[in-house]
Amino acid sequence: MAISGLVITFNEEKNIGKCIDALFKVCDEVIIVDSLSKDRTVEIALEKGAKVISQAFLGDGPQRTHGLPHCKNDWILNLDADEFLDKDAEDFILKGKYIQDEYDAFSFRVKNFLGDKLIDFAGWYPDHKVRFFNKKKAHPSDSKVHQKIITQNEKKVSVHILHYGWDSFDQIVAKKNQYSTWHAQQLFDQGKRVTAFKPFVNGTIAFLRCYFFKKGFLNGIDGLTISMIQGFFSHMKYAKLIKLQKENK
């Protein structure tokens, strides 16, 4: 069965060529929804045979939804530019097992890498994400950050996506900081309001959960650092929400 690859991009010249090549192993078309990149992302995508749709960034979920009408096939493989199918996921798709199962969406396990090192501690593995779905029966949420696929008939399968999202801890912190800004705005727009204790309480709980309950302490300084980053993200999104509350009284 024919599959459309769908990727949203912004300044992804480092990854987009490899991403498109990988998608064409299982897809018969690749659609790129680009958020007005300033680098060679669009040029490389076109050279690789993808179709490019330019659209100012609408948010994670809305940007993906914007690309769906441009996909000619019902089955969508919706990866980020720094994500690739592992061999087991390729086999799952190429052998057509998803057709036999009669589900609307499939959740794959995600292997997150820091450089070439797998982060398989502090709760970062297995990190399940729905990246493969039938657009007639499932669709991205309207969340601007950390969107999910809305489906009533999802199946988790033990195959993998490889996520090469960061080369350094600096990049993880920068991305988490950006996400916290988007998430705070989303919570504010939804009418969520919190007290001054919320950042401290949630940040502390997030750290303790990763470091102790999810055994980050077994991974030395890396485990401690990843756990602290998780606490930082949780703290900052609520600290920024409080700031929004004060600014909009």
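In this text the structure is predicted, and so the values were computed from the model without any measurement.
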Sequence neighbours excluded and cut-off under 3.5 Å, please list the side-chain donor-acceptor pairs for residues 197-207, or say none.
residue : atom : partner : partner atom : Å
Lys198  : NZ   : Asn202  : OD1          : 3.4
Thr204  : OG1  : Phe200  : O            : 2.7

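Partners of Lys51 under the side-chain contact (heavy atoms from CB on, under 4.5 Å) rule, at least two apart in sequence or in another chain, are Ile31, Ile53, His70. Scored by the side chain to side chain donor-acceptor pair (under 3.5 Å) test, Gln147 finds no partners at all (sequence neighbours excluded). Shown here are the side-chain contact (heavy atoms from CB on, under 4.5 Å) partners of Asn112, two or more places apart in sequence or in another chain: Val110, Trp124, Asp127, His163, Trp166. Every side chain to side chain donor-acceptor pair (under 3.5 Å) that Asp34 has, sequence neighbours left out, goes to Thr9, Ser37. When the side chain to side chain donor-acceptor pair (under 3.5 Å) test is applied to Lys215, no partner is found at least two apart in sequence or on another chain. Residues that satisfy the side-chain contact (heavy atoms from CB on, under 4.5 Å) test with Glu247, not counting sequence neighbours, are Lys243, Leu244. Under the side chain to side chain donor-acceptor pair (under 3.5 Å) criterion, Gln171 pairs with no residue, sequence neighbours left out. In this structure, the side-chain contact (heavy atoms from CB on, under 4.5 Å) partners of Met236, at least two apart in sequence or on a different chain, are Asn177, Ser180, Phe232, Lys240.
Evaluation of the side chain to side chain donor-acceptor pair (under 3.5 Å) test over residues 226-236, restricted to residues two or more places apart or in two chains, returns Lys176-Gln230. Screening residues 3-59 for ring-ring contact (aromatic ring centres under 6.0 Å, His included), with sequence neighbours left out, gives Phe57-Trp182. Residue pairs meeting the salt bridge (Lys or Arg N to Asp or Glu O under 4.0 Å) criterion with at least one member in residues 139-166, sequence neighbours excluded, are Asp101-Lys155.
With values rounded to the nearest 0.5 angstrom, Phe84 atom CZ is found 5.5 Å from Cys19 atom SG.
Paired with Asn78 under the rule side-chain hydrogen bond (donor to acceptor under 3.5 Å, both in side chains), one option of Lys129, Arg64, Arg131 passes, and it is Arg64.
Taking the charged nitrogens against the carboxylate oxygens, Lys14 and Asp39 have no contact shorter than 4.0 Å, which rules out a salt bridge.
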